[in-house]
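Encoded as structure tokens, the structure appears first; notes follow it.
Each chain gets a letter, A, B and so on, in the order the sequences are listed, and its residues count up from 1. Remember, predicted model here, so these are calculated numbers, not experimental data.
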Amino acid sequence: MADTAPVWAVVLLPFALAAAAVLVAGFDAVLAAAAEGGRPGRPLRAAPAPLRAGLRLLGQQPRRTTAGDPWLGRIGIALVPVAAVLAGAVLPWGFRAVTDPVVGVVWFNAMEALAWAAVWLAGWGPNSALSLVGGYRFLAQGLAYELPHMLALTTAALGAESLRVGEVVAGQRGLWFAVWMPVAFAVFLLSALAMAFWGPFDHPLGRDAAGGAAAEYAGVDRLVLLAGRWLLLVVTAGFSVPLFLGGGHGPWLPAWAWTLLKTAAVLGLLVAGRRLLPTLRMERYVEFAWTVLVPLTLLQALAVAIVVLER
Amino acid sequence: MPDDVVFWVLAVPAVASGAMVFRYDSMARATYALLLSLLCVGGLVIRLGLDYLGVVVILMMTIEMALMAVFMVMFMMNPAGLLPMSMVHNKRGAAAVSAAVFVLLAAGIVLAPWPGRRGKPDADPTMALGESLMGPHMLTMMTLGLALFTTIVATVVLATGRGRYDRFGDDLCARRPADPVRPGARR
């Protein structure tokens with residue numbers, strides 16, 4: 001079950017993730033165009049918009065600010081996609097991941113935490129009040145989502161009695177974890193959105209702060225930051241498949257096809273779903289997360305632990 | 001040979017960025033230099049074969065340093081390094097103390113009669129760690145956890161200007177907290 005992919009997968013991984021990110025961004029652009037109205041069939045033309053925007057950013061001049069700390073800012077920006085790709089290394093395609101370490105679930109969480117710290121750095125770098133506000137918002141957001149998120153990860157690992165992603169997938173041969181750990185699954189999806197500061201959790205890059213953490217970035221800097229955000233969304237949403245949706249398990253189709261289908265379904269749900277919800281202010285979500293989500297996920301973990309003990 | 005390369009690739013930046021913490025005059029740089037140092041240490045722990053502990057070091061230190069950056073920026077007089085400032089105070093005394101501590105520790109490493117390894121390392125160190133924490137050391141860990149948690153709660157209670165008695169009244173029976181900003185989950 002826990003096969004390691006051949007070496008070329010290491011090279012392929014960033015490109016595969018980037019391609020997925022471009023596709024998802026294209027889907028989002030289509031939804032945005034459809035929301036604006038227009039003749040039927042017209043919104044599809046918006047699909048290559050993210051590519052166009054990316055090319056435009058490549059040609060744009062990066063912005064300099066007075067007395068900024070461009071080193072820290074750039075490190076922060078670069079860390080976002082790097083952390084996403086490193087987290088993606090434990091993501092199994094079918095039943096094979098680039099690497100399947102014994103503590104894969106913890107590794108994934110550690111890389112997510114790196115991205116979390118990175119956005120604060122990106123907000124700090126330009127020495128601009130609005131971008132710093134964005135960075136601080138993301139830290140506050142992390143305090144809100146990280147605890148229930150960790151408990152959701154723990155619950156899945158508990159159900160499989162292993163921290164190895166391959167064994168978590170193997171543990172769902174008969175029954176998906178999403179079926180008997182619905183709370184953990186829902187919390188994981190929420191935190192996947194929050195992790196990618198996306199949808200109702202996009203306050204760190206909010207319009208009310210002129211773009212927040214990304215406010216002062218133009219050109220390649222902005223491209224790397226925003227592309228890294230799409231990568232984070234793809235990777236975290238993709239990780240819900242091996243954790244809760246049975247990974248490559250499924251009838252008829254080969255394992256890689258099931259992984260692809262399930263990942264696409266989760267991403268579609270998240271991208272479409274964010275259009276239904278307004279941006280959340282984090283002090284509100286912190287209270288909800290700590291008084292409602294943490295006890296719920298703890299109860300979920302307790303239930304799973306009892307099932308595992310009785311098994 | 002590859003083990004040596006990995007060791008030096010991680011050890012040199014760990015020490016170097018640890019030293020840079022005291023050279024930078026920007027709190028953000030100092031904090032993240034410390035984080036880099038701790039990430040390298042986490043890598044070294046993984047190198048020792050303790051995967052779980054190593055990755056947890058990386059995870060916890062990242063979160064901790066990100067939060068610490070916020071507090072450092074809040075409390076330091078020159079967070080962004082825009083003014084000349086030194087991270088080192090009482091330079092001569094500090095140099096003497098740290099040199100003495102270094103000599104003491106290094107002498108300890110060289111002179112201590114280290115015991116030879118008895119038995120073999122566990123096949124699954126993560127499992128062994130879990131069994132140790134949840135088995136023979138359970139009572140210690142529970143007590144420790146409770147003490148730490150009590151300390152955190154007590155510190156917050158002492159530090160906060162608005163505790164639960166301010167919010168819910170002296171007998172804690174107010175239905176709605178008297179908050180300047182209405183809180184989220186009770187709207």
Side-chain angles (χ1 to χ4, degrees), chain A residues 66-69 71-73 75-76 79 83 86 90 101-121 123-125 127 132 135-136 138-140 142-144 146-147 150 153 157 161-164 280-293, chain B residues 20 24-36 38-39 42-43 45-46 49-74 79-83 123-127 129-130 134 167 177 179-187:
Chain A
T66 312
D69 194 335
W71 269 95
L72 278 190
I75 289 176
L79 257 181
L86 284 179
V90 295
V102 266
V103 290
V105 175
V106 193
W107 170 263
F108 182 82
N109 199 357
M111 292 307 110
E112 286 176 328
L114 267 189
W116 178 56
V119 177
W120 184 82
L121 276 179
W124 169 268
N127 187 29
L132 189 59
Y136 276 133
F138 195 50
L139 276 187
L143 291 182
E146 194 66 56
L147 219 52
M150 282 177 172
L153 287 178
E161 294 181 66
S162 171
L163 289 169
R164 198 191 278 274
L280 271 171
R281 281 216 329 252
M282 262 319 117
E283 79 267 20
R284 297 182 175 176
Y285 190 69
V286 170
E287 184 154 353
F288 173 69
W290 286 50
T291 56
V292 180
L293 291 186
Chain B
M20 286 315 283
Y24 285 135
D25 56 2
S26 142
M27 291 323 305
R29 285 192 176 198
T31 311
Y32 278 87
L34 187 53
L35 173 60
L36 176 61
L38 291 166
L39 290 185
V45 174
I46 295 178
L50 302 170
D51 299 27
Y52 178 75
L53 283 181
V55 178
V56 163
V57 165
I58 293 175
L59 171 65
M60 288 300 160
M61 287 306 137
T62 309
I63 295 180
E64 199 170 305
M65 287 303 132
L67 292 181
M68 201 177 90
V70 175
F71 283 95
M72 298 299 262
V73 170
M74 269 199 291
L82 295 174
L83 304 163
D124 185 353
T126 312
M127 183 69 121
L129 176 70
M134 290 295 147
R167 299 179 70 216
D179 285 341
V181 179
R182 287 227 254 151
R186 299 174 194 279
R187 220 179 314 272

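Taking CG of A:L79 as the reference point, atom OH of B:Y32 lies at 9.0 Å (rounded to 0.5 Å). Of the inter-residue distances, the one linking A:W71 atom CH2 with B:S26 atom OG reads 14.0 Å to the nearest 0.5 angstrom. Taking CD1 of B:I63 as the reference point, atom CG of A:L139 lies at 10.5 Å (rounded to 0.5 Å). We find the CE-CH2 distance between B:M27 and A:W124 to be 9.0 Å, quoted to the nearest 0.5 Å. Rounding to the nearest 0.5 Å places CG of B:L59 at 7.0 Å from CD of A:E146. We find the CH2-CD1 distance between A:W107 and B:I46 to be 6.0 Å, quoted to the nearest 0.5 Å.
Contact annotation: the side chain of A:L114 approaches that of B:L39 to within less than 4.5 Å [non-hydrogen atoms, C-beta and beyond]. For the pair A:W116 and B:T62, the minimum side-chain heavy-atom distance is 4.5 Å or more. A:V102 is not listed as a side-chain neighbour of B:Y52, based on a closest heavy-atom distance of 4.5 Å or more.
There is no contact between A:L280 and chain B, counting heavy-atom distances below 4.5 Å. Of the atoms belonging to A:L143, it is side-chain heavy atoms, and not backbone ones, that fall under 4.5 Å from chain B.
The residue among B:T126, B:V56, B:V70 with the most heavy atom pairs within less than 4.5 Å of chain A is B:V70. Your options are B:L35, B:L67, B:V55, and the one with the most heavy-atom pairs under 4.5 Å with chain A is B:V55. Per-residue heavy-atom pair counts under 4.5 Å with chain B were compared for A:A113, A:A118, A:P101, and the maximum is reached by A:A113.
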